[in-house]
Structures are given as structure tokens and as C-alpha cells.
Amino acid sequence: MENITNYQIVSVLLSGPYNKTFDYLVEKTKQAKVGQIVIVPFGKQELLGLIFERSKNKIKKEKLKKIKSIVNLPLISKPFLDFTEFFASWNCAYKGNVLKLMVSPFDKKSIQNLDYKNYKPIDEEKTNVKGNFKKLNFYQKNASKEILNGFNKNSNCFLLDGVAGSGKTETYFEGVNHCLKNNKQVLILLPEIGLTSDWEERFKKTFGFKPLVWHSGITKSKKKKIWLSSLYNKKLVLVGARSALFLPFNNLGLIVVDEEHDLSFKQEEGIRYHARDMAIYLASKINIPIILSSATPSVETIFNVKLKKFSSLYLPSRATGSDLPEIQIIDMKENPTSSGNWLSDVMLKELLTRYKNNEQSLIFLNRRGYSPLTLCKNCGHRVQCNNCNSWLVEHKKEKIYLCHYCGYKKNVTGDCEGCNEAQLVSCGPGVEKIIEELSNCFPNAVIENFSSDTINKLDHFTESLKKIKSGKVDFIVGTQIIAKGYDIPNLNFVGIVDGDIGTYGGDLRSSEKCFQLLTQVSGRAGRHLKKKRGLVYLQTYNPESLVLKTIKEMNKDKFYEEELNFRKQASMPPFSRLISLIISSKYEKTLNEFSYNLFECAPKYKDVDILGPAPAPLNFVRGRYRNRFLVRSNKKIYLQNIVRDWISSIKIPRSIRLSIDVDPYNFM
DNA sequence: AGCACGCCGACT
DNA sequence: GTCGGCGTGCTC
Ligand SMILES: [Zn+2]
Ligand SMILES: [Zn+2]
């Protein structure tokens with residue numbers, strides 16, 4: 001038997017659904033250190049792990065196994081281990097699964113087969129700035145001065161708040177430049193969809209080199225290279241979607257969250273987390289500045305500014321010098337359309353004027369496809385999904401009915417599944433319907449469909465945008481994808497088909513979402529007009545609505561004031577903390593039994609409200625029945641701990657899936 | 001998550 | 001008798 005004194009004991013966090021660490025032996029000569037990635041035997045399998053602590057010494061020595069190998073890589077630094085711990089605790093996730101995210105382009109096999117010759121870190125020389133910076137205006141200069149000061153302070157969370165086109169990007173580029181000068185790493189988080197070649201070009205023009213780009217479309221081998229760069233290189237700029245947050249940076253100097261309010265930062269599948277909120281924690285952990293940038297900040301962020309947790313940097317005007325557009329509200333009760341049509345006469349008249357005048361117009365409707373509901377007038381049958389209790393959306397171009405929740409599709413046949421004398425009618429418009437309506441009115445016009453159905457491929461997107469910018473397109477019909485800050489020079493008129501998106505849906509953030517979306521879409525109009533202003537027509541059945549009024553008046557402060565008041569009255573976030581439990585099962589009976597058991601052992605605290613169980617608004621998705629609980633408390637309570645204790649007090653049958661959503665945004 | 005162990009019904 | 005279903009519990 002070997003001498004046990006030649007070994008040391010280390011605690012290893014394993015990649016997988018584990019919350020505690022497991023102790024292993026490792027030869028002292030191997031000089032194991034906290035932060036090393038290792039391969040260990042575990043039961044009958046071999047797993048990837050991370051040395052998390054020196055040793056806990058809580059287990060009998062005879063049971064200990066030896067580490068198989070230590071992967072030859074720089075250490076993952078302590079702040080990132082703390083981040084893993086915090087992340088798991090905050091989001092009620094397994095620590096081991098967070099580790100899995102952190103090493104994501106690798107698995108236990110590929111990390112052992114690391115071929116260092118092929119994965120030479122990217123040449124840092126290439127990140128030497130030799131670009132040209134745009135001249136900043138007075139406000140931009142002030143803001144960037146504040147940001148640069150932030151590098152020397154402890155409290156350093158900034159909100160960069162300015163209308164679309166006010167030059168927020170150029171302003172935070174100053175901070176990026178500062179980091180590069182000091183040989184630091186920079187992480188820029190963008191919504192998945194905002195990460196375009198347009199953005200990359202803009203960066204390259206300014207800095208003279210290309211940033212590393214990280215999103216779901218990047219190949220695995222490229223991702224491995226970037227992962228290694230973040231671990232080896234002292235100096236780099238990485239732009240990425242939310243998952244870039246998990247890269248093992250070794251010398252991070254600044255984080256930017258662009259389009260801070262964007263809902264795509266909230267991960268809703270697998271491990272649920274909010275990338276913006278986690279980025280704020282990470283920045284404070286490493287003690288570096290973080291810049292949140294948006295033309296329409298989230299209510300949460302505005303609240304943090306009010307609490308003086310963040311400092312607000314305000315850019316009041318468009319950098320091009322043009323005025324913000326005029327917004328007119330079209331009362332649909334006074335301007336009704338004939339049945340089956342959705343564009344009012346006023347709207348069509350304005351479109352005609354612009355069309356004759358060779359100007360581009362954008363028609364915005366936040367609904368993909370042709371029609372969200374098809375029903376049979378003869379028998380009342382509705383075209384529904386087989387796996388969900390949702391309506392299928394007709395997509396006319398592809399001749400299918402599509403489920404927007406699970407992707408199920410069915411061919412459009414013209415027959416009815418409920419009777420033999422089909423009289424199918426489409427209820428409600430989608431962008432395809434609007435295109436149909438437009439081409440009836442303007443038979444010779446060129447109309448471009450700009451929605452995620454047509455745009456999901458990057459090259460198709462670039463092509464589409466090029467076509468629009470070349471002026472060949474008369475009408476752009478688009479969903480929210482168009483709101484994402486693309487600069488379209490000759491676009492002077494925006495028509496919003498349905499301004500009432502804030503009134504239905506009815507979750508706590510619907511007003512906020514409506515305000516943000518419509519403000520961003522309106523901001524597309526007239527960005528390059530010199531003497532005139534752009535124009536926006538906003539069709540609505542609720543012209544008196546407060547949200548629409550604040551949009552029309554462009555009174556941002558008033559909107560946030562009203563909305564914060566409402567949230568306060570209702571004890572809703574950001575004045576309280578919410579956690580959703582989503583329980584699902586293939587069997588309705590199992591689901592309801594378990595839900596009841598969970599209800600029975602729910603904690604009873606004075607300051608914790610538990611609502612439920614209730615069938616989810618979408619109570620059947622992908623072949624599974626779903627119930628929900630909603631837990632609420634004030635923010636002084638660490639509600640996650642209460643929920644964790646509750647859940648661990650009951651054994652969960654294998655046929656039940658229970659998902660915990662901290663700070664939920666989606667209540668379906 | 002895997003994987004083994006174990007306990008019960010049905011099938012050579 | 002024994003093959004295989006999946007409910008339960010452990011893995012350093
Ligand atoms: Zn479906
Ligand atoms: Zn029918």
C-alpha cells in the first residue's frame with residue numbers, strides 16, 4: 001500500500017447535477033491547486049470536475065479515490081468560483097451544472113484531448129488600437145469622463161441612458177479603449193439578435209481590429225479557441241450573447257450590457273438566469289465597472305438609479321442632430337377598418353404619400369405569420385396544437401400551421417378536422433396578412449418581410465438589410481426584430497398596427513414591454529432628417545391609455561414614475577421578490593397529486609405569500625401538463641432559501657419536473 | 001445524471 | 001423458477 005502521507009485531499013465540484021463537492025486524493029508532487037480542472041472517477045463513470053476547496057476532511061479515508069488527471073490549464077480564478085457559488089444559490093441551480101456551463105465548449109473527453117498546438121491563444125498584438133474614434137458631442141464627453149472615473153472608484157455601476165441614435169455605443173467605446181490601453185479584458189453582452197456583422201464593422205472601424213464574437217451560431221471549435229483566449233490572453237474584447245458571461249476571464253476590466261432592458265438576457269430554459277443581473281454581481285465581485293446601456297431602461301434599473309445604487313449618464317439628443325419623431329395616435333374606434341383589414345384609411349393615406357415621394361415606411365406588428373387563429377365558421381373548430389393547448393399560427397408562405405411554443409407543424413389543406421364542410425376564417429393579423437393587405441393597395445410596391453421567420457439566418461439577414469438600405473424596398477413589414485437599432489437612412493414613417501400590446505397578456509411587465517417596444521420602433525423614423533421630423537402613427541382602441549400617452553409625449557420620466565408607483569401599490573418587483581415554481585408531468589393526475597402535496601407542506605411565514613397551485617396559462621406544452629406556484633416576499637428576505645427548504649422537504653417523483661424561476665419574466 | 005440494487009408481476 | 005419493469009438511493 002502506498003503511503004497516504006504522499007497524498008493531499010481536495011474537494012472537487014463535479015460537472016453535473018451536484019450541489020456538494022466530493023473529496024479526492026491527489027499526489028502531493030502534482031501540486032494540486034484550487035481552480036484546476038480535473039478528471040475524476042465517480043461511481044462507474046469518469047467526470048470533469050473543478051478543485052473547489054482544499055479539503056473538507058469529512059469522509060472516511062478508505063472511501064477516497066484518486067484523481068485521474070489534472071488538466072494543464074491556467075487556474076480558474078477565485079472570483080469565478082465565488083460567482084459559481086452565488087449563481088447557483090441565487091438561481092436555485094446545481095453548482096455542478098453551473099460549472100458545466102462554465103466549461104461549455106468542452107466535455108470530459110475533449111478537455112483531455114486539448115491539443116495546445118492547435119489552440120494557440122489569439123495574438124494579443126492584434127488587439128492594438130489603431131482605429132479612429134468618432135468625435136463625441138458635449139454629453140457623450142461628459143458621460144465618458146464619468147465612466148473613466150469609474151475605473152478608480154468602488155461603486156461603479158452605470159446606466160447609459162439615451163434615445164436611439166444618441167451615440168451610446170461610441171460613449172462606452174471610450175471605456176473599452178481605456179481597458180485596452182491598460183491591457184485588460186472587456187466583455188460586451190448584447191441580445192443574441194443584436195449581434196450582427198453591422199455591429200462588428202462598427203467596432204472594427206473604431207478600433208481597427210475585430211472583437212471575438214460569441215453566440216449560439218459560433219462553431220464549437222471556434223468557441224474552444226475563444227474559451228482558451230479568455231483564460232490565457234490578458235487583453236481582449238469579447239462581444240457575446242448571454243452565455244458569454246460564463247467564460248473564464250482572467251483579467252476582466254469592464255463589462256458592458258447593451259440593450260440592458262432586452263428580455264433575451266433572461267434565460268428561460270435549462271438553468272434559468274438573468275444575464276444582466278448576474279453580470280452586475282460578477283462586476284462587483286471583481287470590483288470593475290459595469291455599463292448598462294439602453295434607450296428604454298428596465299424599470300428595475302431605473303429603480304436602482306433612484307436608490308443610488310447605479311449612476312445614470314444621460315445622453316439627451318440624437319447624435320445626428322435630427323429631432324425625435326412626432327407620434328400621432330390613431331383612434332381605431334373613429335377610424336374603423338373593413339372586416340379582415342387592419343390598416344386604417346389615415347394610415348394608408350400616409351403610406352401612399354410616402355410611397356409616391358419615394359420614402360421608405362415601416363409597418364410594425366409584433367406577430368409572426370399570417371394569422372394567430374384559424375377557426376371553422378361551420379362547426380366552431382379551432383386549429384390547435386397536438387402537443388400544447390395553444391392555437392396554431394398560419395404561415396401562408398410555407399403553407400403550414402405552426403405552433404410557436406413547440407414548433408409542431410401541420411400542412412394547410414383547407415379541410416376542417418371538425419366537419420366536412422369547412423368554412424375556415426382567419427382571426428387577427430400577422431405580418432404576412434399585413435403584407436397581403438399592402439400589396440392589394442400598392443400592387444407594384446416592393447415589400448420586405450423583416451421578422452424572425454425570414455431573418456433567422458445571419459446571411460439572409462445581412463442581405464435583407466442591404467436591400468432595405470439600398471432603397472429598393474418601399475415598405476418594410478416587421479416584428480420586434482426591427483426594433484433592435486438598425487439604422488435605416490431613408491425611413492421616415494413608422495406605422496404601428498397594434499398599439500394595444502400592453503393591454504392584453506396582462507402580466508406585471510406588459511406596460512413596460514409596450515413602452516419599450518413602441519418607443520424603440522418609433523425611434524426608427526427620421527433618424528437622418530435635417531429640417532423635418534419623422535412621423536409615427538400608432539393605431540389603438542385605447543387612445544386614453546397612460547402608456548400610449550407617455551410614448552406620444554416621449555415623456556420617459558413620467559412613464560417610469562407612473563410605472564414605479566403602480567408596482568409599489570401592487571407590491572410587485574422591483575419592490576418585492578418573486579419566484580415561480582413550474583411543475584410539469586406527462587400525467588395530469590400525477591401532476592395534481594404532487595402539486596397538492598407541495599401545497600400541503602408549503603412554508604407559512606407572515607412575510608411570504610404563496611399563490612397556487614394553479615394550472616399554468618399554457619397548461620399543456622410539448623405533451624406535458626403544467627401547474628404553477630408564485631412565491632412573493634419583500635427583498636430583505638432571501639426567498640431562494642425558503643423555496644429551497646420547501647422543495648427539499650418533499651421527495652419529487654421521477655415523472656415530475658420541477659423548475660424554479662427566480663425573478664420570473666414569463667408567467668405562461 | 002448514470003448506474004445498481006431490489007422488489008413484484010408475468011411468462012418460458 | 002427467472003426475466004424485466006421502474007422506484008430508490010448512492011456516487012468521494
Ligand atoms: Zn405546440
Ligand atoms: Zn368545421
Within the 4.5 Å heavy-atom criterion, are [X] and [Y] side-chain neighbours or not?
X: A:Asp23; Y: A:Val10; result: no
X: A:Arg626; Y: A:Phe620; result: no
X: A:Ile280; Y: A:Asn304; result: no

Chain A footprint on DNA chain B, 5' to 3' - any atom under 4.0 Å from a heavy atom:
B:dA1 to B:dA4

Side-chain donor or acceptor of A:Asn387 paired with backbone N/O of A:Gly623 under 3.5 Å:
no

Would a distance-only check, ignoring hydrogens and angles, find a side-chain to backbone donor-acceptor pair under 3.5 Å from A:Gln267 to A:Arg242?
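Absent.
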
Between A:Gly16 and A:Lys44, which residue's closest nucleotide on DNA chain B lies nearer the 5′ terminus?
A:Gly16

Taking the ring of [Y] and the ring of [X], is the distance between their centroids below 6.0 Å?
X: A:Phe42; Y: A:Tyr18; answer: yes
X: A:Phe246; Y: A:Tyr273; answer: yes
X: A:Phe599; Y: A:Trp646; answer: no

Base, sugar-phosphate or nothing for A:Tyr24? Non-hydrogen atoms, less than 4.0 Å.
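Here A:Tyr24 touches the backbone only, sparing every base.
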
Which part of the nucleic acid, if any, lies within contact of A:Pro653, taking any heavy atom under 4.0 Å across all strands shown: a base, the sugar-phosphate backbone alone, or nothing?
nothing

Walking along DNA chain C from 5' to 3', note the first and the last nucleotide with an atom under 4.0 Å from a heavy atom of chain A, and give both.
C:dT8 to C:dC12

